[in-house]
S.K.: 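Take a look at the following structure, please.
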Amino acid sequence: MNDIPSKYNPKETEEKWYQFWEENNLFHAQVNPQKKPYCIVIPPPNITGILHMGHALNNTIQDILVRFYRMQGANALWMPGTDHAGIATQNVVEKEIYQEGLSRQDLGREKFLERVWQWKEKYGSTIITQLKKLGCCCDWVRTRFTMDEQYSTSVSEVFIQLAQQDLIYKANYIINWCPRCQTALSDEESQHKEVSGKLYYIKYPLKPVSQAEPADQLTSRPADYIIVATTRPETMLGDQALAVNPRDKRYKKLIGQSVILPLVNEEIPLIADSAVDPKFGTGIVKVTPAHDPNDFEIAQRHKLTAKVVMNPDGTMSQNVPLDYRELDRFEAREAILEDLQERGLLEKVEQHLHSVGHCYRCHTMVEPYLSEQWFVDLPKLGKQATDVVTKGKIRFYPQRWRKVYLNWMKNLRGWCISRQIWWGHRIPAWYCIDCKKTYDFFRQGKVLLSEKINLLEAGIIVAEQNPNFCPKCGGTNIRQDEDVLDTWFSSWLWPFATFGWPVLDKEEKQELNYFYPTDVLVTAQEIIFFWVARMIMAGMYFMKEIPFRDVYIHGTVRDITGTKMSKSLGNIIDPLEIITQYGCDALRFSIISLVATGQDVFLSRERFESGRNFANKIWNASRFILSNLDKQKVGVDLCLFANSITELKDKWILSRFYQTLDSVTKALKNYRFNDAAKTAYEFFWHEFCDWYIELAKKTISSDPTQVILYKMLEKSLRMLHPVMPFITEELWQNLPHAGKSIMVSNWPHLQKQFIDKKIDRQMELIISCITAIRNIRSVWEISPAAKVKVKISTGKAAVEKLLKSHSAYLQDLAKIEDLEIGQNLKRPKSSAVAVIPNAEIFVCLAGAIDVEKEAARLKQKIKDLENILRNSAKKLNNKQFLTRAPEAVIRQTKEKNAQLKESIRKLKDNLKGF
RNA sequence: GGGCGGUUGGCGCAGAUGGUUAGCGCGCAACGUUGACAUCGUUGAGGUCACAGGUUCGAAUCCUGUACCGCCCACCA
C-alpha cells in the first residue's frame, strides 16, 4: 500500500494511457464481416474551434457509446474530422491580415487562400489535440477534413448531380445578406433577434391633379397624401408600389391610382394584395421588392420590377438620389428622415418591437437583398427524408425533437448555397462571357423578377472541370463562378463522404457498405436544421439509405444562471482547466451525471468536485483491495467458484452487482447517461465500499472474500470504463490477471443466477439493524462498550437465525462488544429502544437513562409511523381499492400495514416501561 | 403568431409506461484519527412535489386551465 499514493493523480495517468491506446492502435477499426459494426461520425468541429463545454458534453457522450459498444463486442468505429467553416475561418484570417494593414483584396484570391491554408496547418488541429485530452477514442488515422481533395470531389460531384437533376438552380432571388461578411446567407444562418426599433409614418403624396403644383414641391396637405408605416425608411428609395388589402374599404377608391415617391419623385402605383394586413400601421405598405422578402413576393405576383438601392457593403447604391449615395444604410436612414421632416412628410414615429435577422457569424444586422445566387431545391429533397422519420426508421431521442424536425420539413424552402467568400469549395460552374452579355440579368438597376435563370441561355456550364468552350456559342471566353459553397453544403455529406464516396476503390466500397448507415448521431438541438435534416436528405438522395438510425439530441450547456456559455459573455468554464484541476474522468463523470435526457446542463466549477471525489473513492477502494490481494487466489472463474460462495455478504454483493450491471447496460442502450452514471456510482460507493469492503475487512484473507473483492473490483472497473476511461485503465492494469487494455476487454457478462432478491432482503434487514443501533448511539452519544440486545419477535425463528448467524456483521459495523440476540429478552432498565421489522433493539446506556428524553423520542417515532399507517389503512378500508387495485399492490399494502401496526405496538409497549 | 421545455427541501437536480414511508449531490448541524479514502465515515434537521380544477380505488407522475422562467420557429411592413 505504501507504493500507491492515497490521492489519485489524473495528470500522470491520462497522458500515459492515451499514448498507450494510440500506440497500440486500439482506436482503429477495420471491416470485419465476423463482427457487427458500430459506427458514429463525429460532428466535425470547426477548425477555428477551441474546446468548450458543449464539445466536452457532446464528445463524452459519443466516447461513452463507442467504448461501451466496443466492449459489448461490436466493431466500433468513431470517424473523426474537422470542418473548414467557410465564413468563420475566413473572418479569422482576414482579421489576422488586417493587423498587417491589408485586406484580402490586397492579397488577391490565391495568396489569401494560401494564408488560410497556412493558418489551418498551424491552428486547425488544435481542437483535435483537445479532444484527445478528453479521452476520445476516435480512429484518428481516418481523420477527414471537409476541404480534403477527396472530400472536395464528393462536394462537386453532388453539386453536378443535383444540377443535372434540376435540383440546383440559379436565380435572382431575395436572400439574407450580411453587409459585414459581404456574402449571402441561408435562412438558417440569419438568426432572428428581438430589436426595439421605430415605426415611421411617412406621407406619400398622391399624384397631383393640376400641373400648377410640381411634384417635387409637394408638401403635406390633407387628402393629398396617404400615410405608410415602415421600420426601414432607407429602403423607400427602392419602392416600386404601395399596396393595400383588396378588402380594405378605406382605400378601395385609391387602388389603381398613382402616388409620388417622396425624395425620388417617381410615380408608383397603388396596388391591392391580400398579403397586406389592414390592421397593421395604416393598412398601407410600401413595396420594396429588392429589400424585403414579403415585398418581393408581392412584386412577383404583380409583375413589378425591382430596384436595388444598396451596395454589398450596406451603403446606398448608384440607384438612389445623389444626396444619399455612398451613405451607410443607417446614416441614410437618418438623412432621409431629416429630409422628410423638413418637407413635412414625416407624420409620426412610434416605438416598435420587432425581430430582425442577424448574421450567425458576426451578428451584424442582415439585409434582405435581391441578388443572383445558387439554390438547392430542398422541397423536392424533403419527401423521403420526412418519410424515414415518420415511419420510425430514424428515431429521435428524446422523441420530442421528431416533431420539431417534421415541422421544419413541412416548411422547406430553397436553400441558398452560394457564398461570396473565398474560403470554401468553389462552385463548379463556368460562364461564357459572351453569352452572359446577351443574358441581361440587371437592366439599369431595375430587375425583372423572373425567379429561375435558364442556365443554357445564360451560358452557364456546370461541370467538374473548365469546359474550355461554350456549348451554346462555341466561345472560349470562359470563367469560373467566383462564389464558393455554403459550408453546410459539404457537411451534409459527412456520413458517407468521409468514407470516400463517390470515388471508391474496392476497399473503400467495402467500408462504406459495412459502416453505413451509421448507428447514432449525437448532437445539440441548435444544429438539427443546419445539419441533421440535411444529412438525412443527402443520405436518402445519394445513398438511398438513412445516414443513421438514431439521433440523440443533448441539451445546451449553460452557466449556473441559465445563460448559454459564450466567450463574449465571459461565463465560460474551460474544460481543459477542469481537466487540469480535477481530472478528465471527473469532468466526464460530472457532466454525464447532469444530462437528464435532453435537458439543458447548468454548470458551475463546484459541480466537478463530485466527479473528482468519486474518482478518488475508486482509487482508494482499489488501493485497499490491491494491497490485500493474494494474487494466487484470485485467478479462478467466478462461475466455477460459485459453490464456494456461501456467505451472505458475498452472495449479496454479487446479487447487487449483477442487478447494477443490468441497469447500467440498459441505461446506456437507451441513452440514459445520467442513470447509468448514477447507478454505477451508487453501487460502487454505497454498497460495495460502504458495506461490502467494510465487512470484508474481517475476512480479508479468506478465499471467498479474496475472490469476491477481486472480481467485484475488476468487473466494476469494466462497467465504469466507458464513463471514466483513464482511472479504470490505470487500476485495471494493476490487477494480477488483466489483459492488454481494459478498453478492449469484454463488457461484464450478465450472470443472472447470482441475482437473488431473498438475499437482498436478508442483507437489508441486517443493514437496518446496524443503522438503528448507530442511530441510537448517535442520539445518546453512547460508547461502544454498551451492551446491545436484539429481541426477535415471537415465532420469527428465521429472523433469529439470520441475525444470530450474522452477529459478527453487527459487532463489526455497529461496534458492539456485548451483543445478545434472542426471542425472550427483556428490555434492560437503562436502555434506549429502536424497532425494526420483526425485532426490537435495546441499547444499554452507561448511566441512568433520561426517561423524558427517550419517551419523547419514542412518542415522535410513534406519531410518524401512525401518520403513515393512517394512509395505508385508508386504502384498505376502501372497498373500491380492494376490488380494483391489482392483487400485488393489495398484498403489499396489507403487509406494510401489518408491519406498521406491529412496529407501533412494540414502540408503545416500550413506552409503557418509561 | 405558432411550437417546445421547466417549476420537487437553502442551492443544483433524479423521479421512462400512475401504487416509494418522495430520492440524490452540495450546503447545514452533531459526532468521529475504528486496519483504503477528511476528495472520508456515522447520525440528523429540512419538502402540503408552482397554482386551480378534473380523470382514477390511488396523481409529483395522466388531462384541462392559470401563473411565472427559459428555448426554438415565423416573410410583425
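In what follows, chains carry the letters A, B, and so on, assigned in the order in which the sequence lines appear, proteins first and then strands, with residues in each chain numbered from 1.
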S.K.: Starting at NZ of A:Lys901 and ending at P of B:U21, how long is that distance when rounded to a whole Å?
M.R.: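 Result: 16 Å.
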
S.K.: On the nucleotide B:C75, are OP1 or OP2 found under 4.0 Å from the side-chain N or O atoms that A:Arg413 carries?
M.R.: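 Yes, A:Arg413 has a side-chain N/O under 4.0 Å of OP1/OP2 on B:C75.
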
S.K.: Using the C1' atom on both, measure B:C11 against B:C71 and round to a whole Å.
M.R.: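 Each nucleotide's C1' atom is 23 Å from the other's.
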
S.K.: Using the C1' atom as the reference point in each nucleotide, state the distance between B:U66 and B:U7 in Å, no decimals.
M.R.: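 Those two atoms are separated by 13 Å.
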
S.K.: For a quick check, tell me whether the side chain of A:Glu694 and the base of B:A36 share a donor-acceptor pair closer than 3.5 Å.
M.R.: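 For A:Glu694, whose side chain was compared with the base of B:A36, there is a donor-acceptor pair (under 3.5 Å).
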
S.K.: Pairing donors with acceptors under 3.5 angstrom, does anything connect the side chains of A:Tyr201 and A:Glu350?
M.R.: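 A:Glu350 and A:Tyr201 do have a side-chain donor-acceptor pair below 3.5 Å.
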
S.K.: Between atom CG in A:Asp675 and atom C1' in B:A16, what is the gap in whole Å?
M.R.: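 Going from CG in A:Asp675 over to C1' in B:A16 covers 8 Å.
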
S.K.: So does A:Arg623 get a side-chain nitrogen or oxygen closer than 4.0 Å to the phosphate oxygens (OP1/OP2) of B:C37?
M.R.: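 Result: yes.
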
S.K.: By nearest nucleotide on RNA chain B, pick out whichever of A:Lys403 and A:Asn407 is the more 5' one.
M.R.: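 Its nucleotide being nearer the 5' end, the pick is A:Lys403.
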
S.K.: Taking CD from A:Gln860 and P from B:U21, how many angstroms apart are they, rounded to a whole number?
M.R.: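 These atoms are roughly 19 Å apart.
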
S.K.: Which is true for A:Pro886 with a 4.0 Å heavy-atom rule: it touches a base, it touches only sugar-phosphate, or it touches nothing?
M.R.: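 Result for A:Pro886 = base.
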
S.K.: Report which part of the nucleic acid A:Tyr582 touches: base, sugar-phosphate, or nothing (heavy-atom distance under 4.0 Å, all strands).
M.R.: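 A:Tyr582: no heavy atom of the nucleic acid under 4.0 Å.
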
S.K.: Does the side chain of A:Ser590 come under 3.5 Å of the side chain of A:Ser593 through a donor N or O and an acceptor N or O?
M.R.: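 The criterion, which ignores hydrogens and geometry beyond distance, is not satisfied for A:Ser593 and A:Ser590.
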
S.K.: Tell me which of A:Val276 and A:Val889 sits closer to the 5' end of RNA chain B, going by the nucleotide each one is nearest to.
M.R.: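 The 5'-side residue here is A:Val889.
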
S.K.: Where does the angle between the aromatic ring planes of A:Tyr552 and A:Phe673 fall among parallel (under 30°), tilted (30 to 60°) and perpendicular (over 60°)?
M.R.: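 Ring orientation, 0 to 90° scale: perpendicular.
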
S.K.: Check every strand shown and say whether A:Lys7 touches a base, only sugar-phosphate, or nothing at a heavy-atom separation below 4.0 Å.
M.R.: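 Base, at least one base atom sits under 4.0 Å.
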
S.K.: Apply side-chain hydrogen bond (donor to acceptor under 3.5 Å, both in side chains) to A:Asp662 and list each qualifying residue two or more places apart in sequence or on a separate chain.
M.R.: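 Only A:Lys666 meet the side-chain hydrogen bond (donor to acceptor under 3.5 Å, both in side chains) criterion with A:Asp662.
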
S.K.: Atom CZ of A:Arg672 and atom C1' of B:A14: how far apart are they, to the nearest Å?
M.R.: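 After rounding, the reported distance stands at 10 Å.
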
S.K.: Using a heavy-atom cut-off of under 4.0 Å over every strand shown, decide if A:Glu188 touches base, sugar-phosphate, or nothing.
M.R.: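 No contact.
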
S.K.: Just by protein heavy atoms under 4.0 Å, how would nucleotides 40-47 of chain B read 5' to 3' in B, S and -?
M.R.: SSSSS---

S.K.: Indicate, with a heavy-atom threshold strictly under 4.0 Å, whether A:Asp277 touches base, sugar-phosphate, or nothing.
M.R.: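 Base contact - A:Asp277 has a heavy atom under 4.0 Å of at least one base atom.
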
S.K.: Could you tell me how far apart A:Ile528 (CD1) and B:C72 (P) are, to the nearest whole angstrom?
M.R.: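 Rounded to the whole Å, the gap is 12 Å.
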
S.K.: Taking any heavy-atom pair under 4.0 Å as a contact, classify A:Glu866: base, sugar-phosphate, or nothing.
M.R.: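 The residue A:Glu866 makes no contact with any strand.
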
S.K.: I need the CZ-P distance between A:Phe673 and B:G15, as an integer number of Å.
M.R.: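 Distance, rounded to whole Å: 14 Å.
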
S.K.: Can you classify the ring geometry of A:Phe589 versus A:Phe614 as parallel (below 30°), tilted (30 to 60°) or perpendicular (above 60°)?
M.R.: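 Tilted.
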
S.K.: Dot-bracket for RNA chain B, 5' to 3', with Watson-Crick and G-U pairs under 3.5 Å, [ ] for crossing pairs and | for other-strand pairs: what is it?
M.R.: (((((((..((((.....[...)))).(((((.......))))).....(((((..]....))))))))))))....

